[in-house]
Amino acid sequence: MAPHLRKHWINAAGMALPWLLALACFATPAFQLLESQWRDQQFRFLSTTHPILDGEPVAIVGIDDEDMAQFGVPSALMHRELGAFMEAMAMAQPKVVGLDMLLPAVSYDRLQPGLDAALARGILKLRPVAQLVLGLSADSEGTPRPVHPLFNTLLGTAGFGYIFVVSDADGVIRVFDEKIGDRGSPVPTLTGQMARAMGVQPTPGLINYAIRPAFQYLPLRKVLAWQRDGQVDLLRAAFTNKAVFLGSVMSFDDHQRTSLALGTWNTPNGTSHGVLVHAQQLRGMMGNAMVQPLAIPYQLILMALLTLGWWLKPGAWAWAGMVALALAIQVSSLVLLRAGWAVASLSLCVAWAGGVGARAAVNAWLLIRERKRLRDTFGGFVSPDVMTEILAGKLDPKMDGVRSEICVLFADIRGFTTLSESMPPEQVTALLNRYFDRMVRTIHHHGGTLDKFIGDGLMAVFGAPVASSTACEGGLACAQAMIRELGRFNAEQLSMGTPAIDIGVGLHYGPAVIGYVGAKDRYEYSAIGDTVNTASRIEGLTKDSGFPVLLSSSVYHHIHDTRALVSMGAMSIRGHSAIAVFAWKPEPGNSHEPA
């Protein structure tokens, strides 16, 4: 594929893959639940810092533990108390009254004569004043639980609503929707019927938990006491023109998991009584504050736009930009949530981070591939240490050389000119390649850097490009290993019917300038200076010294164990004043001479 086409394909994939990843998150139920749980935290934040103050009148009458103890009857037999409550509401003149509790399917007059009449009397008194909505339920198969025919007749179809609520996979109630019937058919709910009575069409959507303040309740016993004592002014002050809920707030009853606690009284962590859920739904509808998810096409467009993070050039600024925009997305989602719109902010962050991360990943992959190509192409031309420094960006061809203390090693084959005259060129080349392959591996193994090949000779440095306090130790150990490796090489030479060779190695330690040397279009990493020239001259002394390895006193003084070294005294070298030289020769039985 042509490079420009490959680039286009990479760019297209770099934007498409983050979008597809964000889309997969957006559509995955598990991730949707995570979005909902994150939105719970946003509601908690808004309810504390920027609440939506409830301007719609919703009142709660609670049946608590003390009520039950005072009444002394089970809830199924509270007909007289409920009748008195409805008479109290008739005096208070609310707009609608909803009972978050179930009436019995049969008459209990046989147990306590007059129960049905007491409740019927209350319904009849309240009906001309305000709409009354009683709670309905259904069995496990979805069949509505019946209500005593007397009450059914008194209220009519508009007087009943199902008390069911919709919960998510984690059991938390976050949504209001009346499409909870068979196959998603709509059914009247307690909250929906009360909203209709208030002149508001029930709106499906997310429950707005940012609406505050938290609910308080009036105990049923207090309301009944006001009714019994004829305190109409207190009843009207508490309930006139309001939507009134009656339900259980007992410590052991009807705890529902909600995004945050809706009441001011203590409930188990993360729960609210069911009557409060209905009340929160209703005041959201009455205040036109139900939260609607942003339309899916708009969210997909936003995700697509956020994948433009692919075009950010990788680096510290790109990562800082990614974090900054991710925070901006979350802040924006908070603003939208308070305004009544829910966005999948985590999926949007995935799209944005995916674009930036995809670019970083592709660049890293391209860099790794380019480094591999450079190693494969130029690995044979430079030392591994030099290649590592180049790939790390620490060796810049435009930089001037660096002055360093290094140990320089020169090695040369003795009598190679004469040897090459007696062999075909192909055989000479093969010999040199096999010899250099062994020697270079030995140099690299001892931490040296191959500087260059010089005909049948080579130059290596120790202590550059990575500085080392043991450069001389490494250089001498390398020279000794080269002599031993030569013994094995010569054994192979003789087994192939080719002549053995001999080498000399010279070492010198001192200052040199390390860096790139050459023309603008062709340069190499090398060391230059008197230290290099002196090391070459010392190597030349091995021809007549009888020792394969010679080293200067500057190297000798940096060697920890000098027992194997022999002083040769001061020796004259060409173009330089006499210099103290030391020699090393393999121990008997470890000679480089072939057996």
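The pair D170-R257 does not count as a salt bridge, with every side-chain nitrogen at least 4.0 angstrom from each carboxylate oxygen.
Within the 4.5 Å cutoff, the side chain of I163 has heavy atoms near those of the L102 side chain. In this structure the side chain of K125 never reaches within 4.5 angstrom of the side chain of M86, judged on heavy atoms. T258 is not listed as a side-chain neighbour of I207, based on a closest heavy-atom distance of 4.5 Å or more. No side-chain heavy atom of F164 sits less than 4.5 Å from a side-chain heavy atom of V187. The shortest side-chain heavy-atom distance between Q193 and Q131 does not fall under the 4.5 Å cut-off. A 4.5 Å side-chain heavy-atom check between Y209 and L46 finds every atom pair outside the cut-off. With a 4.5 Å cut-off on side-chain heavy atoms, F176 and V166 do not count as touching. Here the side chains of P18 and W352 are not in contact, with every heavy-atom distance at 4.5 Å or above.
Listed for the R145 side chain is no donor-acceptor partner under 3.5 Å among the backbone atoms of L136. Q216 contributes no side-chain N or O that, together with a main-chain N or O of G263, makes up a donor-acceptor pair within less than 3.5 Å. Judged by distance alone, the side chain of R338 and the main-chain N or O of P51 form a donor-acceptor pair under 3.5 Å. Checked by atom type and distance alone, the side chain of E35 pairs as donor or acceptor with a backbone atom of L346 at under 3.5 Å. At distances below 3.5 Å, at least one donor-acceptor pair connects side-chain atoms of T264 with backbone N or O atoms of F215. Remark: the backbone N or O of E87 is not paired with any side-chain donor or acceptor of Q227 at under 3.5 angstrom. A donor-acceptor contact shorter than 3.5 Å links the side chain of D109 to the backbone of D116. Although no hydrogens or angles enter the test, the distance criterion places a donor-acceptor pair under 3.5 Å between the side chain of D64 and the main chain of E66. Between the side chain of T240 and the backbone N or O of A92 there is at least one donor-acceptor pair closer than 3.5 Å. Within the 3.5 Å criterion, the main-chain N or O of A344 finds no donor-acceptor partner in the side chain of W38.
In the displayed structure, I296 atom CD1 is contacted under 6.0 Å by at most 12 heavy atoms of other residues, nucleotides or ligands. Counting non-hydrogen atoms of neighbouring residues, nucleotides and ligands closer than 6.0 angstrom, the CG atom of N269 reaches no more than 12 such neighbours.
Between the side chains of R39 and Q42, no donor-acceptor pair of N or O atoms lies under 3.5 Å. D253 and S248 are linked by a side-chain donor-acceptor pair at a separation below 3.5 angstrom, with hydrogens and angles left out of the test.
We find the CZ-NZ distance between R236 and K242 to be 14.5 Å, quoted to the nearest 0.5 Å. For the atom pair OG (S75) and CG (L103), the distance works out to 10.0 Å, reported to the nearest 0.5 Å. Put simply, CG on L34 and SG on C25 are 9.0 Å apart, with the number rounded to the nearest 0.5 Å. Between the CZ atom of R212 and the CG atom of L262 there is a distance of 6.0 Å, given to the nearest 0.5 Å. Summarising the geometry, atom NZ belonging to K179 is positioned 13.5 Å from atom OG1 belonging to T189; distances are rounded to the nearest 0.5 Å. Distance check, rounded to the nearest 0.5 Å: CH2 of W341 to OH of Y298 gives 9.0 Å.
Summarising the geometry of Q330 relative to S345, their closest heavy-atom pair is OE1-OG, 3.2 Å, with the distance given to 0.1 Å. Between S272 and L260 the shortest heavy-atom distance is OG-O, 3.6 Å. Contact record, H273 with V249: NE2-C, 3.3 Å, taken as the closest heavy-atom pair. The two residues L282 and A243 come nearest to each other via the heavy atoms CD2-CB, 3.6 Å. Residues S251 and D65 approach most closely at OG-OD2, 2.8 Å, considering heavy atoms. Of all heavy-atom pairs between V350 and A22, the closest is CG1-CA, 3.9 Å.
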Exercise for the section: Under the side chain to side chain contact (heavy atoms under 4.5 Å, CB included) rule, what do I329 and L306 come out as? Steps first, then yes or no, please. Expected result: CA-CA 10 Å; I329 290 170; L306 287 169; 3.9 Å; yes
Handout entry: From CA spacing to verdict: side chain to side chain contact (heavy atoms under 4.5 Å, CB included), Q292, T203
Key = CA-CA 9 Å; Q292 301 300 321; T203 306; 3.6 Å; yes
Exercise for the section: Could you give me the CA-CA distance, side-chain angles and deciding distance for L82 and I123, then say whether side chain to side chain contact (heavy atoms under 4.5 Å, CB included) is met? Expected result: CA-CA 9 Å; L82 292 179; I123 294 174; over 6 Å; no
Exercise for the section: Take L246 and V244 through the test side chain to side chain contact (heavy atoms under 4.5 Å, CB included) and record every step on the way to the result. Expected result: CA-CA 7 Å; L246 173 65; V244 181; 6.0 Å; no
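Ring geometry for H79 against Y108 counts as perpendicular: the plane angle is over 60°, on a 0 to 90° scale with 30° as the lower cut.
Relative to the ring axis of F43, R174 does not place its NZ or CZ within 45° and under 6.0 Å from the centre.
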